[in-house]
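Counting from 1, the numbers follow the sequence of the chain as shown.
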Amino acid sequence: GADPVPFPPRRIQGAGTALHELLVSAQRRSCLTAGVYESAKLMNVDPDNVAFCLLAADQEDEGDIALQIHFTLIQAFCCENDIDIVRVNDVARLAAIVGPSDESGEPRDLHCILITSPNEEGWKDPALEKLNLFCEERRNVNDWVPTVTFPE
């Protein structure tokens, strides 16, 4: 395949900012599901409620074959169900945004995070809309799972 078309850095930074805002907003609204297995369960039970998917892996995770298989299956599910999906290469930064542990104090698996639609009628998150547009633009140049970088 061809190399992905270069994308304006400003747009990618905008996507990183929007992702940060979306994660904070979703967590506040209890619309965030973290963990590969938790996410797979939710997608199996209620795929129509999933609004966005984030896959996160650091450099050392790239050699984890089981994780890569999970990512492939999650990506396929998201594509099949029209769920926008992005990758992040900074799990530590992600943990700083959403917290490294859940309410019980257990460490979180942050390799997959789903944003679900809240029950509130008419809820529209401008950050989610920006990310949906970003993903649509990236698909137009055959970049099906774009990588987003958080702002410094």
Please say whether more than 12 non-hydrogen atoms of neighbouring residues, nucleotides or ligands are located less than 6.0 Å from CD in Glu60.
yes
Are [X] and [Y] connected in the hydrophobic side-chain network, where two residues link if heavy atoms are under 4.5 Å apart?
X: Phe150; Y: Val24; answer: yes
X: Ile65; Y: Leu73; answer: yes
X: Val91; Y: Ile74; answer: no
X: Leu54; Y: Trp144; answer: no

Contact check, side chains of [X] and [Y], non-hydrogen atoms, under 4.5 Å:
X: Asp61; Y: Phe71; answer: no
X: Asn81; Y: Val50; answer: no
X: Arg139; Y: Asp84; answer: yes
X: Phe52; Y: Asn132; answer: yes
X: Leu94; Y: Ile113; answer: yes
X: Leu32; Y: Ile115; answer: yes

Would you check if the side chain of Asp109 reaches a backbone N or O of His111 as a donor-acceptor pair within less than 3.5 Å?
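Yes.
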Between Asp125 and Ala127, is there a donor-acceptor pair closer than 3.5 Å when you use the side chain of the first and the backbone of the second?
yes
Rounded to the nearest 0.5 Å, how far apart are [atom1] of [X] and [atom2] of [Y]?
X: Arg138; Y: Ile85; atom1: CZ; atom2: CD1; answer: 15.0 Å
X: Ile97; Y: Leu23; atom1: CD1; atom2: CG; answer: 6.0 Å
X: Leu19; Y: Leu128; atom1: CG; atom2: CG; answer: 10.5 Å
X: His70; Y: Gln68; atom1: NE2; atom2: CD; answer: 10.5 Å
X: Arg29; Y: Ser25; atom1: CZ; atom2: OG; answer: 4.5 Å
X: Asp48; Y: Thr116; atom1: CG; atom2: OG1; answer: 12.5 Å

Tell me, with the steps shown, if Glu38 and Arg108 meet side chain to side chain contact (heavy atoms under 4.5 Å, CB included).
CA-CA 11 Å; Glu38 293 80 357; Arg108 277 183 163 171; over 6 Å; no
Might you point out which heavy atoms bring [X] and [Y] nearest each other, and give the distance in Å?
X: Pro47; Y: Ile83; answer: O-CD1, 4.1 Å
X: Pro151; Y: Arg93; answer: O-NH2, 2.8 Å
X: Val145; Y: Val86; answer: CG1-C, 4.1 Å
X: Pro146; Y: Cys135; answer: CG-SG, 4.5 Å
X: Leu55; Y: Cys112; answer: CD2-SG, 3.9 Å
X: Ala56; Y: Leu110; answer: CB-O, 3.4 Å

Let me see the working for Asn44 and Phe77 under side chain to side chain contact (heavy atoms under 4.5 Å, CB included), right down to the final yes or no.
CA-CA 9 Å; Asn44 189 41; Phe77 186 90; 5.8 Å; no
Side chain to side chain contact (heavy atoms under 4.5 Å, CB included), that's the test. Do Phe134 and Val148 meet it? Break it down for me.
CA-CA 10 Å; Phe134 171 77; Val148 174; 3.7 Å; yes
Checking Thr149 against Asn89 for the side chain to side chain contact (heavy atoms under 4.5 Å, CB included) test, could you report, in this order, the C-alpha distance in whole Å, the side-chain angles of both residues, the deciding distance, and whether it holds?
CA-CA 7 Å; Thr149 305; Asn89 294 329; over 6 Å; no
